[in-house]
Amino acid sequence: MNIQALLSEKITQAMIAAGAPTDCEAHVRQSAKAQFGDYQANGVMAVAKQLGMVPRQLAEQVIAQLDLDGIADKVEIAGPGFINIFLTPAWVAQHVELALNDAKLGISPVKKQTVVIDYSAPNVAKEMHVGHLRSTIIGDAAARTLEFLGHNVIRANHVGDWGTQFGMLIAYLEKMENEHANDMELSDLETFYRQAKKAYDEDPEFALRARAYVVKLQGGDEYCRNMWRKLVDVTMTQNQITYERLNVTLTKDDVMGESLYNPMLPGIVADLKAKGLAKESEGATVVFLDEFKNKEGEPMGVIIQKKDGGYLYTTTDIACAKYRYETLGAQRVLYYIDSRQHQHLMQAWTIVRKAGYVPDSVSLEHHMFGMMLGKDGKPFKTRTGGTIKLSDLLDEAIERAGKLITEKNPELEGEELANVTNVVGIGAVKYADLSKSRTTDYIFDWDNMLAFEGNTAPYMQYAYTRVASVFKRANVDENSLTGAVILATDREKALATRLLQFEETINTVARDGTPHVMCAYLYDVAGLFSGFYEDCPILTADDEATRQSRLKLALLTSRTLKIGLDTLGIETVERM
């Protein structure tokens, strides 16, 4: 149930009836404090100014036209002309019942879109490191959220699987196969890459062969293609293990590497020339963009083909956007790429729009993110200054979580302990990132992320187990609850109203790609449940009708926490 949308529609109608223009906006939002009601409409002030009226006078006329019978039991004017709305407990209770009877918690159906989400994007022959974490988990939360709402989501893992370095890698792979014919696991891809680079720098004969292989690979040579495929397969097999550990939904079928677009590049350059958008400049093919200026204030030149005939990332990204619209049928494309790539993407998309490859009706969105920093405020690295492998980070998270869980609940052992430890450790790393605004840098801190207090994964997972334990102690089947929901106290109504705001929350996350909004909401729900649990006895309620009603509120709380965490890719356990 989208209460905000319902109230916006009702108040907008009342504003128009009171003389406001038909394009007026009610600006309904959730109230920050209980004394201001459940919702507040702030649109009257702007309209009053437009009409040359006193805002409170217009607010009075709006309220006179407003029909919220059965929805609100009080509507009042506050300050210069805010309209405060107090929902009727019976109406809230009725919609709690509806939410309980729906697998999606009563959210409204969406107008289905095909959404392509570009995220993770590791490189071939290199292990995933902490720099890949944010793109991978924020992008995956967006994919889960949009899919939950009912959209057709296409995951695009834009793997760096093309370029001049592959001649070097193929030559080294050939050398390795000759020396270790049956030892092709490449368990340490970083070492492999470094050794290939060393051989390239130090062995002229090897470097010559490597350069020849680049030309052969780009020309479609079968041997080079097979060796290249082996490199990609070995890398992605290792990456898939990391995705599964992270509880990320990417699979090998979602890989759309840079190589996919390679056959399109000559045609795109030729087409941009034919359309007069690209021209020769000092031997290269360049698109000059008035929208971007260089230091001299002149239109910036964006190279799409180098003097030697090679293509650039911009060319690939132009082809990529074209492919996603024409072949995948995208109506919306989200890119989870760090903020340093923003200008590059904007330039590529400006060319895409000018060339008519993607119409304005298709949204191209850069959901950029900041960096993960250490406590010193610098990029998060090992003590020796090296890049931290993602697998090592996850190992440490699980090890630290194991110590905490064992201290907190010594009864857990064996398989259950291992599962809880894994869920809490991985969840802590993900939630610490997802709970921060993606547009800012954030400080990675083990102590904070594994704390059982505050807005952390362990606290949220423990809140879920606490609600689940109510049903174990009550010895009640969730499906056998009877009677109506009764909201007799402020605590009950506050929790119930917040639970009904799940749809508003998930719609914001889906629109803006902001999983921290879901984290803040779930933390709020957990806090409201805690207050409700302390003040409103459930198992020892005064009568059976109250007990059943409170059990229903507990049930909707547990489902909301579980589904909300699942949209973030955070798992839950029944006890910890």
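This is a predicted model, so every value here is computed, not measured.
Checking each of N239, T136, D161, T235 against P122 for a side chain to side chain contact (heavy atoms under 4.5 Å, CB included) leaves exactly one that passes, namely N239.
Q461 places a side-chain N or O within 3.5 Å of a backbone atom of E571 that can act as its donor or acceptor partner. Listed for the K403 side chain is no donor-acceptor partner under 3.5 Å among the backbone atoms of E399. A donor-acceptor pair under 3.5 Å links the side-chain atoms of E503 to the main chain of S108, judged by distance alone. Between the T505 side chain and the M518 main chain, no donor and acceptor come within less than 3.5 Å of each other. With N157 contributing its side chain and M256 its backbone, the two residues share no donor-acceptor pair below 3.5 Å. Within the 3.5 Å criterion, the main-chain N or O of V358 finds a donor-acceptor partner in the side chain of R353. With D254 contributing its side chain and T251 its backbone, the two residues share a donor-acceptor pair below 3.5 Å.
Note that R155 lies outside the cation-pi zone of Y243, set by a 6.0 Å cut-off to the ring centre and a 45° limit from the axis.
Close placement of the H158 and Y261 rings is indicated, their centers lying within 6.0 Å of each other. Taking the ring centroids of Y200 and Y172, they lie at or beyond the 6.0 Å cut-off.
Of all heavy-atom pairs between N262 and P266, the closest is O-CD, 3.6 Å. Taking every heavy atom of both residues into account, V424 and P458 meet most closely at CG1-CG, 4.0 Å. Taking both residues in full, the closest heavy atoms of F166 and G160 are given as CZ-O, 3.9 Å, listed atom of the first, atom of the second, then distance. Closest heavy-atom contact between A526 and A463: CB-CB, 3.9 Å.
Checked for salt-bridge contact, R340 and D338 meet the test: a charged N lies under 4.0 Å from a carboxylate O. With respect to the salt-bridge test (charged N to carboxylate O, under 4.0 angstrom), the residues K430 and D140 do not qualify. Between K354 and E291 a salt bridge is recorded (basic side-chain N to carboxylate O distance below 4.0 Å). The residues D102 and R559 are annotated as not salt-bridged, no charged nitrogen and carboxylate oxygen being separated by less than 4.0 angstrom.
Under the 3.5 Å distance criterion, with hydrogens and angles disregarded, no donor-acceptor pair is assigned to the side chains of Q341 and Y335. A donor-acceptor contact under 3.5 angstrom links the side chains of Y431 and N455, judged on distance only. Neither side chain, Q305 nor T315, offers a donor N or O lying under 3.5 Å from an acceptor on the other. Under the 3.5 Å distance criterion, with hydrogens and angles disregarded, no donor-acceptor pair is assigned to the side chains of N123 and Y193. No side-chain N or O of Y325 forms a donor-acceptor pair with one of Q331 less than 3.5 Å apart.
In this structure, K307 places its NZ atom where only 12 or fewer heavy-atom neighbours from other residues, nucleotides or ligands lie under 6.0 Å away. The number of heavy atoms from other shown groups lying within 6.0 Å of CZ (F288) is above 12. Applying the 6.0 Å contact sphere to NZ of K252 captures no more than 12 heavy atoms from other residues, nucleotides or ligands. Within a 6.0 Å sphere centred on CD of E282, heavy atoms belonging to other residues, nucleotides or ligands number 12 at most. Counting heavy atoms of neighbouring residues, nucleotides and ligands inside a 6.0 Å radius, atom CZ of F148 exceeds 12 of them.
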- Message: Determine whether K306 and L312 satisfy the following criterion, side chain to side chain contact (heavy atoms under 4.5 Å, CB included), listing intermediate values before the conclusion.
- Response: CA-CA 8 Å; K306 295 186 286 189; L312 291 96; 3.6 Å; yes

- Working for side chain to side chain contact (heavy atoms under 4.5 Å, CB included), residues T114 and L328: CA-CA 8 Å; T114 293; L328 301 181; 5.7 Å; no

- Hey, mind stepping through L434 and I138 against side chain to side chain contact (heavy atoms under 4.5 Å, CB included) and telling me if it holds? CA-CA 7 Å; L434 295 169; I138 299 172; 3.9 Å; yes

- Item | Stepwise side chain to side chain contact (heavy atoms under 4.5 Å, CB included) check, Y521 with F502 | CA-CA 8 Å; Y521 168 77; F502 175 73; 3.5 Å; yes

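Within the 4.5 Å cutoff, the side chain of L133 has heavy atoms near those of the L246 side chain. Looking only at side-chain heavy atoms (C-beta outward), D118 and R324 come within less than 4.5 Å of each other. For the pair I337 and H344, the minimum side-chain heavy-atom distance is 4.5 Å or more. A 4.5 Å side-chain heavy-atom check between R438 and H516 finds every atom pair outside the cut-off.
Ring orientation note: the planes of F444 and W446 are nearly perpendicular, at an angle over 60° on the 30°/60° scale. Between H342 and H366, the two ring planes are parallel [angle under 30°; tilted spans 30° to 60°].
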